[in-house]
Amino acid sequence: MDLPDAPARGTVHLRGNYGAAAADYTVAQHYEAYTEDEHRIWAELLARQCNLFERYAVPQYRAGVSALALDNRIPDFRATSEGLRARTGWQVVTVPGLIPERQFFELLAQRRFPVTQWIRRRDEFEYLAEPDLFHDFLGHIPLLTDPTYADFIQLYGEAGQRALANNGLKMLARLYWYTVEFGLMETVHGLRCYGAGILSSSAETRHAIDSNEPGRIRFDLQRVLRSDYVIDGLQGNYFVIRSFDELVHSAVDTDFLPLYRQFGSAPGIAVGSILPGDQVLQRGFGSTLQR
Ligand code: HBI
Ligand code: FE
């Protein structure tokens, strides 16, 4: 029986219904309105991904997936938030889709992670133009159970608010891209993935670790802030950290403003480049050596 305020099934989860959004761009999830087919799409996507985690994901991510106790139903964000708040103070809030940077950074600074309300169609399993519920939830939420990573994402939100005021958005977005979305970590068992854009895509998960096409370069904050990226395609390079502490220290110990001033209007380093100063862990055959 639908709740009185729940709209008809399958209607409310239309993409981008920003009309219902509050000033902070959040909306109600309307959990009861998800259709059986939307739950099945979640289950099919999860089944494809979760058998890759053992081999390809960092242990902190695997621990987060276990803690979330995912099953074949789209998660109810209110229930997720109760468990998450107790662990690291984070909550999951619902948004209609991509939201303006200002509101995005504000939510992260408040330890409120925005997850998209709608889930992709079956014909979008391989490629999706913008993040959906599956990418946002399965990619980003498990690591918010890790205290150090959880600190980094809040620090990133605070840095984003400062970047907006200092023409640093493009450079800071690169930091998010090459860590939160497509980051790798060096572990005792070899390279492992922690990036959400990798772990929510079976093709990218395999590519990031198994392919010898992309380069794997040791993380260097200034190098990452200056490195361009493309949003529609597999990565040309991956940047490798040793720990999430390294991310927190890079965010806390760096004065970004001089970097924004020095490099903010310069062209970015081309995708797939290897620079003389790079500490290359694995040189990809797709990389181009810059003299
Ligand atoms: N909005 N909902 C949502 N999710 C994102 O990941 C997101 C966004 N807006 C902006 C944005 N990401 C990127 O520009 C960040 O690098 C700021
Ligand atoms: Fe994302």
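In each ligand, atom 1 is the first atom listed, and ligand 1 is the first ligand listed. Just so you know, these numbers come straight off a predicted model, no measurement behind them.
- Under the side chain to side chain donor-acceptor pair (under 3.5 Å) criterion, Arg216 pairs with Gln282, sequence neighbours left out.
- Considering the Fe ion (ligand 2) as centre, the angle to NE2 of His140 and to OE2 of Glu181 is 100° (10° rounding).
- Partners of Asp123 by salt bridge (Lys or Arg N to Asp or Glu O under 4.0 Å), not counting sequence neighbours, listed by chain and number: Arg121.
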Review point. Is there a side chain to side chain donor-acceptor pair (under 3.5 Å) between Asp232 and Tyr127 once you walk through the steps?
Key: CA-CA 9 Å; Asp232 49 356; Tyr127 179 71; 5.3 Å; no
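- Looking at residues two or more places apart in sequence or on another chain, you find a salt bridge (Lys or Arg N to Asp or Glu O under 4.0 Å) between Arg48 and Glu126.
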List below, pair by pair, the N or O atoms of ligand 1 and of the protein that are less than 3.5 Å apart, including the distance to 0.1 Å; reply 'none' if no pair qualifies.
residue	atom	partner	partner atom	Å
ligand 1	1 (N)	Ile99	N	3.0
ligand 1	2 (N)	Gly97	O	3.0
ligand 1	9 (N)	Ile99	O	2.8
ligand 1	14 (O)	Glu101	OE2	3.2

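- Atom CZ of Arg162 is separated from atom CG of Leu172 by 9.0 Å, given to the nearest 0.5 angstrom.
- Here the two rings, on Phe244 and Tyr194, have centers that are under 6.0 Å apart.
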